Protein chains: 2
Amino acid sequence: MENITHNTENRILEAARDVFHRKGFNGARMQEIANLANINKSLLHYYFRNKELLFEKVFNDTFSQLASKMGGIFMSEMTLISKIETFVELYLIFISEHSYVMQFIINALQDRPERLRDIITNQNINPELLLEKIHKQLKNEMGIDMDPLQLYVNLLALVIFPVVAKPLLQSIFSLSDERMAVFYEERKKIVPVFIENALKGYEKDKKLG
Amino acid sequence: MENITHNTENRILEAARDVFHRKGFNGARMQEIANLANINKSLLHYYFRNKELLFEKVFNDTFSQLASKMGGIFMSEMTLISKIETFVELYLIFISEHSYVMQFIINALQDRPERLRDIITNQNINPELLLEKIHKQLKNEMGIDMDPLQLYVNLLALVIFPVVAKPLLQSIFSLSDERMAVFYEERKKIVPVFIENALKGYEKDKKLG
DNA sequence: AAATGGTTTAACCAAACGGTCAAATGTACT
DNA sequence: AGTACATTTGACCGTTTGGTTAAACCATTT
(Lines give C-alpha, C1' and ligand atoms only; values in the text may rest on other atoms or scores of the structure.)
Protein backbone atom coordinates (compact mmCIF):
# COMPACT_ATOMS: atom_id res chain seq x y z
CA MET A 1 0.00 0.00 0.00
CA GLU A 2 1.38 3.38 -0.95
CA ASN A 3 0.72 6.79 0.48
CA ILE A 4 1.56 9.98 -1.38
CA THR A 5 4.33 8.91 -3.76
CA HIS A 6 5.50 6.10 -1.55
CA ASN A 7 5.67 6.67 2.14
CA THR A 8 8.93 4.89 2.97
CA GLU A 9 10.87 6.60 0.22
CA ASN A 10 9.72 9.97 1.50
CA ARG A 11 10.59 9.16 5.08
CA ILE A 12 14.08 8.26 3.92
CA LEU A 13 14.44 11.46 1.91
CA GLU A 14 13.31 13.62 4.81
CA ALA A 15 15.71 11.94 7.19
CA ALA A 16 18.53 12.08 4.66
CA ARG A 17 17.90 15.75 4.02
CA ASP A 18 18.04 16.50 7.72
CA VAL A 19 21.26 14.60 8.36
CA PHE A 20 23.07 15.64 5.19
CA HIS A 21 22.18 19.29 5.71
CA ARG A 22 23.52 19.30 9.23
CA LYS A 23 26.60 17.10 8.80
CA GLY A 24 27.47 17.11 5.11
CA PHE A 25 28.38 14.07 3.06
CA ASN A 26 31.42 13.01 5.08
CA GLY A 27 29.85 13.65 8.46
CA ALA A 28 26.60 11.85 7.69
CA ARG A 29 26.14 8.18 8.60
CA MET A 30 23.80 5.86 6.74
CA GLN A 31 22.85 4.28 10.06
CA GLU A 32 21.86 7.66 11.49
CA ILE A 33 19.63 8.35 8.51
CA ALA A 34 18.02 4.93 8.89
CA ASN A 35 17.44 5.49 12.60
CA LEU A 36 15.89 8.90 11.98
CA ALA A 37 13.57 7.41 9.35
CA ASN A 38 12.78 4.48 11.66
CA ILE A 39 13.67 1.87 9.10
CA ASN A 40 16.25 -0.80 8.51
CA LYS A 41 19.52 0.42 7.03
CA SER A 42 19.22 -1.95 4.08
CA LEU A 43 16.18 -0.05 2.88
CA LEU A 44 18.36 2.94 2.14
CA HIS A 45 20.25 0.86 -0.39
CA TYR A 46 17.09 -0.77 -1.66
CA TYR A 47 15.65 2.64 -2.59
CA PHE A 48 18.78 4.62 -3.47
CA ARG A 49 21.56 2.11 -4.20
CA ASN A 50 24.30 3.90 -2.26
CA LYS A 51 25.27 6.93 -0.18
CA GLU A 52 26.49 8.95 -3.14
CA LEU A 53 23.20 8.60 -5.04
CA LEU A 54 21.14 9.38 -1.96
CA PHE A 55 23.22 12.49 -1.36
CA GLU A 56 22.87 13.51 -4.98
CA LYS A 57 19.10 13.27 -4.75
CA VAL A 58 19.03 15.39 -1.61
CA PHE A 59 21.37 17.93 -3.15
CA ASN A 60 19.36 18.25 -6.35
CA ASP A 61 16.07 18.60 -4.48
CA THR A 62 17.50 21.18 -2.12
CA PHE A 63 19.11 23.23 -4.83
CA SER A 64 16.04 23.24 -7.05
CA GLN A 65 13.86 24.39 -4.20
CA LEU A 66 16.32 27.13 -3.37
CA ALA A 67 16.85 28.21 -6.96
CA SER A 68 13.17 28.62 -7.71
CA LYS A 69 12.83 30.80 -4.62
CA MET A 70 15.81 32.85 -5.74
CA GLY A 71 14.89 33.35 -9.36
CA GLY A 72 11.18 33.84 -8.85
CA ILE A 73 11.27 37.28 -7.31
CA PHE A 74 13.62 38.79 -9.84
CA MET A 75 11.76 37.45 -12.84
CA SER A 76 8.50 39.03 -11.67
CA GLU A 77 7.15 42.43 -12.72
CA MET A 78 8.11 44.90 -10.03
CA THR A 79 10.48 47.83 -9.78
CA LEU A 80 14.06 46.87 -8.98
CA ILE A 81 13.85 48.56 -5.60
CA SER A 82 10.72 46.60 -4.71
CA LYS A 83 12.37 43.38 -5.82
CA ILE A 84 15.33 44.05 -3.56
CA GLU A 85 13.10 44.82 -0.61
CA THR A 86 11.00 41.70 -1.14
CA PHE A 87 14.05 39.57 -1.67
CA VAL A 88 15.69 40.65 1.57
CA GLU A 89 12.48 40.23 3.53
CA LEU A 90 11.63 36.75 2.21
CA TYR A 91 15.14 35.43 2.02
CA LEU A 92 16.20 36.52 5.46
CA ILE A 93 13.23 34.69 6.92
CA PHE A 94 13.76 31.56 4.84
CA ILE A 95 17.47 31.36 5.50
CA SER A 96 17.13 31.92 9.21
CA GLU A 97 14.71 29.03 9.37
CA HIS A 98 16.96 26.82 7.22
CA SER A 99 20.35 28.10 8.31
CA TYR A 100 22.09 24.88 7.30
CA VAL A 101 20.83 24.84 3.72
CA MET A 102 23.05 27.52 2.27
CA GLN A 103 26.23 26.15 3.76
CA PHE A 104 25.25 22.66 2.71
CA ILE A 105 25.01 23.80 -0.91
CA ILE A 106 28.25 25.74 -0.79
CA ASN A 107 30.17 22.87 0.77
CA ALA A 108 28.77 20.30 -1.63
CA LEU A 109 29.88 22.46 -4.54
CA GLN A 110 33.28 23.08 -3.00
CA ASP A 111 33.82 19.34 -2.91
CA ARG A 112 32.57 18.76 -6.44
CA PRO A 113 31.70 21.82 -8.53
CA GLU A 114 30.41 19.72 -11.43
CA ARG A 115 27.39 18.72 -9.39
CA LEU A 116 25.45 21.68 -10.76
CA ARG A 117 26.32 21.31 -14.43
CA ASP A 118 23.53 18.86 -15.13
CA ILE A 119 20.65 20.25 -13.11
CA ILE A 120 20.90 23.92 -13.96
CA THR A 121 19.83 23.30 -17.54
CA ASN A 122 17.00 21.03 -16.40
CA GLN A 123 15.72 23.82 -14.18
CA ASN A 124 13.48 26.43 -15.77
CA ILE A 125 15.71 29.16 -14.38
CA ASN A 126 17.78 31.21 -16.76
CA PRO A 127 20.58 33.04 -14.94
CA GLU A 128 21.60 35.03 -18.02
CA LEU A 129 18.04 36.25 -18.46
CA LEU A 130 17.92 37.24 -14.81
CA LEU A 131 21.07 39.35 -15.11
CA GLU A 132 19.79 40.89 -18.31
CA LYS A 133 16.58 41.91 -16.59
CA ILE A 134 18.42 43.48 -13.68
CA HIS A 135 20.73 45.26 -16.10
CA LYS A 136 17.80 46.78 -17.98
CA GLN A 137 16.00 47.83 -14.84
CA LEU A 138 19.15 49.46 -13.49
CA LYS A 139 19.41 51.48 -16.66
CA ASN A 140 15.75 52.31 -17.20
CA GLU A 141 14.63 52.91 -13.65
CA MET A 142 17.78 54.47 -12.17
CA GLY A 143 19.96 55.47 -15.10
CA ILE A 144 22.80 53.29 -13.88
CA ASP A 145 25.10 51.31 -16.16
CA MET A 146 26.44 48.75 -13.72
CA ASP A 147 27.47 45.12 -14.00
CA PRO A 148 24.26 43.40 -12.81
CA LEU A 149 26.29 40.45 -11.55
CA GLN A 150 28.09 42.69 -9.09
CA LEU A 151 24.81 44.04 -7.77
CA TYR A 152 23.22 40.62 -7.49
CA VAL A 153 26.25 39.17 -5.69
CA ASN A 154 26.26 42.12 -3.30
CA LEU A 155 22.63 41.43 -2.53
CA LEU A 156 23.24 37.74 -1.97
CA ALA A 157 26.28 38.49 0.16
CA LEU A 158 24.46 40.91 2.46
CA VAL A 159 21.62 38.45 3.00
CA ILE A 160 23.36 35.09 3.08
CA PHE A 161 26.70 35.75 4.75
CA PRO A 162 25.42 36.89 8.14
CA VAL A 163 23.41 33.69 8.46
CA VAL A 164 26.13 31.34 7.26
CA ALA A 165 28.70 33.00 9.50
CA LYS A 166 26.37 33.11 12.48
CA PRO A 167 28.51 30.99 14.83
CA LEU A 168 31.58 32.98 13.84
CA LEU A 169 29.98 36.37 14.49
CA GLN A 170 28.27 35.20 17.64
CA SER A 171 31.54 33.93 19.14
CA ILE A 172 33.71 36.85 18.12
CA PHE A 173 31.35 39.55 19.35
CA SER A 174 29.88 37.57 22.25
CA LEU A 175 26.31 37.99 21.06
CA SER A 176 23.46 36.27 22.85
CA ASP A 177 20.78 34.47 20.87
CA GLU A 178 18.38 37.31 21.64
CA ARG A 179 20.84 39.97 20.46
CA MET A 180 21.38 37.89 17.31
CA ALA A 181 17.64 37.72 16.61
CA VAL A 182 17.41 41.50 16.95
CA PHE A 183 20.42 41.85 14.68
CA TYR A 184 18.74 39.84 11.92
CA GLU A 185 15.45 41.66 12.36
CA GLU A 186 17.25 44.99 12.00
CA ARG A 187 18.85 43.84 8.77
CA LYS A 188 15.46 43.51 7.09
CA LYS A 189 15.33 47.30 7.22
CA ILE A 190 19.01 48.14 6.98
CA VAL A 191 20.05 46.04 4.00
CA PRO A 192 17.53 47.38 1.45
CA VAL A 193 18.29 50.96 2.52
CA PHE A 194 22.00 50.22 2.33
CA ILE A 195 21.72 48.95 -1.22
CA GLU A 196 19.35 51.67 -2.38
CA ASN A 197 21.64 54.37 -1.03
CA ALA A 198 24.62 52.77 -2.68
CA LEU A 199 22.79 52.74 -6.00
CA LYS A 200 21.64 56.32 -5.68
CA GLY A 201 25.23 57.34 -5.02
CA TYR A 202 26.32 55.43 -8.07
CA GLU A 203 23.64 57.13 -10.09
CA LYS A 204 24.88 60.55 -8.97
CA ASP A 205 28.48 59.65 -9.83
CA LYS A 206 27.39 58.63 -13.29
CA LYS A 207 25.60 61.91 -13.90
CA LEU A 208 28.58 63.88 -12.68
CA GLY A 209 31.07 61.83 -14.66
CA MET B 1 69.12 17.83 15.26
CA GLU B 2 66.39 20.40 15.07
CA ASN B 3 65.68 23.07 12.50
CA ILE B 4 63.48 26.07 13.20
CA THR B 5 61.22 24.89 16.05
CA HIS B 6 61.43 21.24 15.10
CA ASN B 7 61.32 20.32 11.47
CA THR B 8 59.13 17.22 11.62
CA GLU B 9 56.49 18.89 13.75
CA ASN B 10 56.28 21.74 11.26
CA ARG B 11 56.05 19.42 8.28
CA ILE B 12 53.13 17.71 9.98
CA LEU B 13 51.40 20.99 10.74
CA GLU B 14 51.77 22.23 7.19
CA ALA B 15 50.40 19.02 5.76
CA ALA B 16 47.59 18.93 8.31
CA ARG B 17 46.66 22.52 7.57
CA ASP B 18 46.48 21.77 3.87
CA VAL B 19 44.33 18.67 4.21
CA PHE B 20 42.05 19.99 6.95
CA HIS B 21 41.48 23.24 5.11
CA ARG B 22 40.45 21.45 1.94
CA LYS B 23 38.48 18.54 3.38
CA GLY B 24 37.44 19.53 6.88
CA PHE B 25 37.65 17.32 9.95
CA ASN B 26 35.44 14.52 8.70
CA GLY B 27 36.83 14.46 5.19
CA ALA B 28 40.47 14.48 6.26
CA ARG B 29 42.41 11.22 6.67
CA MET B 30 45.35 10.84 9.01
CA GLN B 31 47.08 8.69 6.38
CA GLU B 32 46.74 11.43 3.78
CA ILE B 33 48.33 13.95 6.13
CA ALA B 34 51.17 11.55 6.84
CA ASN B 35 51.74 10.94 3.13
CA LEU B 36 51.77 14.65 2.37
CA ALA B 37 54.30 15.23 5.15
CA ASN B 38 56.34 12.23 4.00
CA ILE B 39 56.38 10.58 7.39
CA ASN B 40 55.04 7.51 9.10
CA LYS B 41 51.46 7.78 10.29
CA SER B 42 52.46 6.93 13.86
CA LEU B 43 54.41 10.17 14.07
CA LEU B 44 51.18 12.12 13.87
CA HIS B 45 50.12 10.52 17.11
CA TYR B 46 53.57 10.85 18.62
CA TYR B 47 53.47 14.62 18.17
CA PHE B 48 49.77 15.40 18.53
CA ARG B 49 48.17 12.43 20.33
CA ASN B 50 45.08 12.18 18.13
CA LYS B 51 43.15 13.62 15.20
CA GLU B 52 41.03 15.93 17.34
CA LEU B 53 44.04 17.60 18.98
CA LEU B 54 45.82 17.98 15.65
CA PHE B 55 42.74 19.60 14.18
CA GLU B 56 42.41 21.88 17.16
CA LYS B 57 45.99 23.07 16.73
CA VAL B 58 45.41 23.78 13.03
CA PHE B 59 42.17 25.58 13.77
CA ASN B 60 43.68 27.78 16.47
CA ASP B 61 46.69 28.70 14.34
CA THR B 62 44.51 29.48 11.34
CA PHE B 63 42.05 31.56 13.28
CA SER B 64 44.71 33.55 15.09
CA GLN B 65 46.46 34.37 11.86
CA LEU B 66 43.18 35.45 10.29
CA ALA B 67 42.01 37.44 13.30
CA SER B 68 45.19 39.49 13.57
CA LYS B 69 44.87 40.37 9.89
CA MET B 70 41.26 41.35 10.43
CA GLY B 71 41.65 43.42 13.57
CA GLY B 72 44.90 45.13 12.60
CA ILE B 73 43.56 47.44 9.96
CA PHE B 74 40.63 48.72 11.94
CA MET B 75 42.64 49.40 15.08
CA SER B 76 45.09 51.57 13.15
CA GLU B 77 44.92 55.34 12.81
CA MET B 78 43.26 56.10 9.50
CA THR B 79 39.97 57.59 8.39
CA LEU B 80 37.12 55.10 8.28
CA ILE B 81 36.91 55.39 4.51
CA SER B 82 40.61 54.63 4.16
CA LYS B 83 40.26 51.65 6.46
CA ILE B 84 37.46 50.26 4.37
CA GLU B 85 39.43 50.71 1.16
CA THR B 86 42.53 49.08 2.62
CA PHE B 87 40.53 46.28 4.12
CA VAL B 88 38.84 45.38 0.85
CA GLU B 89 42.10 45.56 -1.07
CA LEU B 90 44.14 43.42 1.32
CA TYR B 91 41.42 41.00 2.25
CA LEU B 92 40.28 40.29 -1.25
CA ILE B 93 43.84 39.35 -2.19
CA PHE B 94 44.40 37.24 0.90
CA ILE B 95 41.14 35.38 0.65
CA SER B 96 41.49 34.69 -3.04
CA GLU B 97 44.84 33.09 -2.34
CA HIS B 98 43.48 31.12 0.60
CA SER B 99 39.97 30.50 -0.59
CA TYR B 100 39.51 27.46 1.65
CA VAL B 101 40.42 29.19 4.88
CA MET B 102 37.24 31.11 5.47
CA GLN B 103 34.96 28.19 4.82
CA PHE B 104 37.16 25.98 6.97
CA ILE B 105 36.68 28.34 9.91
CA ILE B 106 32.96 28.68 9.36
CA ASN B 107 32.43 24.93 9.09
CA ALA B 108 34.54 24.17 12.13
CA LEU B 109 32.47 26.61 14.15
CA GLN B 110 29.22 25.27 12.77
CA ASP B 111 30.20 21.84 14.08
CA ARG B 112 31.35 23.12 17.45
CA PRO B 113 30.78 26.80 18.25
CA GLU B 114 32.60 26.55 21.59
CA ARG B 115 35.92 26.17 19.80
CA LEU B 116 36.42 29.93 19.85
CA ARG B 117 35.53 30.57 23.49
CA ASP B 118 39.02 29.85 24.77
CA ILE B 119 41.24 31.43 22.16
CA ILE B 120 39.48 34.74 21.66
CA THR B 121 40.45 35.92 25.13
CA ASN B 122 44.01 34.71 24.63
CA GLN B 123 44.26 36.77 21.47
CA ASN B 124 45.15 40.43 21.84
CA ILE B 125 42.13 41.35 19.75
CA ASN B 126 39.25 43.14 21.38
CA PRO B 127 36.10 42.97 19.27
CA GLU B 128 34.17 45.36 21.50
CA LEU B 129 36.91 47.95 21.21
CA LEU B 130 36.91 47.52 17.44
CA LEU B 131 33.18 48.19 17.22
CA GLU B 132 33.51 51.15 19.54
CA LYS B 133 36.19 52.64 17.33
CA ILE B 134 34.09 52.19 14.19
CA HIS B 135 31.11 53.69 15.98
CA LYS B 136 33.05 56.82 16.96
CA GLN B 137 34.52 57.27 13.52
CA LEU B 138 31.10 56.92 11.91
CA LYS B 139 29.84 59.68 14.16
CA ASN B 140 32.83 62.01 14.08
CA GLU B 141 33.88 61.68 10.47
CA MET B 142 30.51 61.24 8.80
CA GLY B 143 27.89 62.27 11.31
CA ILE B 144 26.23 58.88 11.19
CA ASP B 145 24.71 57.13 14.18
CA MET B 146 24.65 53.57 12.96
CA ASP B 147 25.13 50.19 14.61
CA PRO B 148 28.82 49.55 13.88
CA LEU B 149 28.22 45.81 13.92
CA GLN B 150 25.86 46.13 10.97
CA LEU B 151 28.43 48.07 9.00
CA TYR B 152 31.26 45.70 9.86
CA VAL B 153 29.19 42.64 8.94
CA ASN B 154 28.20 44.28 5.66
CA LEU B 155 31.86 44.82 4.90
CA LEU B 156 32.79 41.26 5.77
CA ALA B 157 29.86 39.95 3.74
CA LEU B 158 30.76 41.88 0.60
CA VAL B 159 34.36 40.72 0.76
CA ILE B 160 34.08 37.16 2.03
CA PHE B 161 30.90 35.81 0.49
CA PRO B 162 31.87 36.06 -3.18
CA VAL B 163 34.99 34.02 -2.46
CA VAL B 164 33.32 31.41 -0.30
CA ALA B 165 30.48 31.00 -2.78
CA LYS B 166 32.83 30.94 -5.78
CA PRO B 167 31.87 27.47 -7.05
CA LEU B 168 28.19 28.31 -6.60
CA LEU B 169 28.40 31.58 -8.54
CA GLN B 170 30.66 30.12 -11.19
CA SER B 171 28.29 27.22 -11.87
CA ILE B 172 25.07 29.22 -11.83
CA PHE B 173 26.27 31.98 -14.11
CA SER B 174 28.62 29.84 -16.22
CA LEU B 175 31.64 32.01 -15.51
CA SER B 176 35.06 31.00 -16.78
CA ASP B 177 38.08 31.25 -14.50
CA GLU B 178 39.22 34.31 -16.42
CA ARG B 179 35.85 36.02 -16.07
CA MET B 180 35.93 35.18 -12.37
CA ALA B 181 39.35 36.75 -11.93
CA VAL B 182 38.12 39.93 -13.63
CA PHE B 183 35.05 39.85 -11.41
CA TYR B 184 37.15 39.82 -8.24
CA GLU B 185 39.51 42.47 -9.57
CA GLU B 186 36.51 44.72 -10.30
CA ARG B 187 35.26 44.27 -6.76
CA LYS B 188 38.36 45.93 -5.32
CA LYS B 189 37.03 49.14 -6.83
CA ILE B 190 33.30 48.50 -6.63
CA VAL B 191 32.93 47.39 -3.02
CA PRO B 192 34.52 50.42 -1.33
CA VAL B 193 32.51 52.78 -3.55
CA PHE B 194 29.37 50.77 -2.83
CA ILE B 195 29.87 51.09 0.91
CA GLU B 196 30.89 54.73 0.83
CA ASN B 197 27.83 55.64 -1.24
CA ALA B 198 25.60 53.71 1.11
CA LEU B 199 27.04 55.59 4.07
CA LYS B 200 26.70 58.95 2.35
CA GLY B 201 23.07 58.20 1.68
CA TYR B 202 22.58 57.22 5.29
CA GLU B 203 24.22 60.45 6.35
CA LYS B 204 21.83 62.45 4.18
CA ASP B 205 18.81 60.58 5.56
CA LYS B 206 19.95 61.37 9.08
CA LYS B 207 20.22 65.06 8.34
CA LEU B 208 16.82 65.10 6.74
CA GLY B 209 15.23 63.05 9.51
C1' DA C 1 -4.66 -21.53 -0.80
C1' DA C 2 -0.99 -21.27 -3.74
C1' DA C 3 1.85 -18.48 -6.43
C1' DT C 4 3.82 -14.05 -7.53
C1' DG C 5 6.40 -9.94 -6.84
C1' DG C 6 7.39 -6.02 -4.29
C1' DT C 7 9.02 -4.73 0.48
C1' DT C 8 11.49 -5.25 4.91
C1' DT C 9 14.63 -7.40 8.07
C1' DA C 10 18.74 -9.48 10.44
C1' DA C 11 23.06 -11.30 9.82
C1' DC C 12 27.07 -10.72 7.67
C1' DC C 13 31.32 -8.85 4.95
C1' DA C 14 35.40 -6.40 3.39
C1' DA C 15 37.63 -2.23 3.50
C1' DA C 16 38.98 1.85 5.74
C1' DC C 17 39.86 4.14 9.70
C1' DG C 18 42.07 6.06 14.05
C1' DG C 19 45.01 4.49 17.16
C1' DT C 20 48.65 1.34 19.77
C1' DC C 21 52.98 -1.04 20.53
C1' DA C 22 57.31 -2.97 20.50
C1' DA C 23 61.23 -2.84 18.04
C1' DA C 24 64.61 -0.16 15.42
C1' DT C 25 67.16 3.91 14.52
C1' DG C 26 69.43 8.02 15.53
C1' DT C 27 71.72 11.35 18.75
C1' DA C 28 74.07 13.28 22.62
C1' DC C 29 76.71 12.64 26.59
C1' DT C 30 80.18 10.08 29.67
C1' DA D 1 82.43 2.10 23.20
C1' DG D 2 78.43 2.27 26.00
C1' DT D 3 74.44 4.24 28.08
C1' DA D 4 70.29 6.97 28.03
C1' DC D 5 66.91 9.24 25.71
C1' DA D 6 64.26 11.01 21.98
C1' DT D 7 62.65 9.91 17.31
C1' DT D 8 60.91 6.94 13.62
C1' DT D 9 59.09 2.80 11.69
C1' DG D 10 56.18 -1.28 10.38
C1' DA D 11 53.15 -4.48 11.97
C1' DC D 12 49.08 -4.89 14.26
C1' DC D 13 44.25 -4.12 16.56
C1' DG D 14 39.40 -2.99 17.45
C1' DT D 15 35.78 -0.39 15.59
C1' DT D 16 33.17 1.82 12.36
C1' DT D 17 31.38 2.19 7.90
C1' DG D 18 29.09 1.48 3.46
C1' DG D 19 27.35 -2.19 1.32
C1' DT D 20 25.52 -7.26 0.29
C1' DT D 21 22.67 -11.29 0.75
C1' DA D 22 19.37 -14.57 1.74
C1' DA D 23 15.50 -15.20 4.06
C1' DA D 24 11.09 -13.41 5.95
C1' DC D 25 7.01 -10.69 5.36
C1' DC D 26 3.00 -8.99 3.07
C1' DA D 27 -0.44 -7.79 -0.31
C1' DT D 28 -2.49 -8.94 -4.68
C1' DT D 29 -3.85 -12.16 -8.24
C1' DT D 30 -5.38 -16.60 -9.87
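By convention in this document, chain letters (A, B, ...) are assigned in the order of the sequence lines, proteins followed by strands, and residues within each chain are numbered from 1. All values derive from a computational prediction rather than experimental measurement.
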Could you give the OH-to-P distance, from B:Tyr47 to C:dG19, as a whole number of Å? 18 Å
Has A:Ser68 got a side-chain atom pairing as donor or acceptor with A:Gln65's backbone, closer than 3.5 angstrom? yes
What residues form a side chain to side chain contact (heavy atoms under 4.5 Å, CB included) with A:Glu97, not counting sequence neighbours? A:Ile93
Given 3.5 Å as the limit, does a donor-acceptor pair link the side chain of A:His135 with the main chain of A:Met146, or not? yes
Whether A:Phe55 and A:Phe25 hold their rings parallel, tilted or perpendicular, with breakpoints at 30° and 60°: perpendicular
Its contact letters, B for base, S for sugar-phosphate only and - for none at protein heavy atoms under 4.0 Å, make nucleotides 9-21 of chain D read BBB-----SBBBB
What orientation do A:Tyr91 and A:Phe94 show, parallel under 30°, tilted 30 to 60°, or perpendicular over 60°? tilted
What is the distance from CZ of B:Phe48 to P of D:dT7, rounded to the nearest Å? 12 Å
Given D:dT7, is OP1 or OP2 found less than 4.0 Å from the side-chain N or O atoms of B:Thr8? no
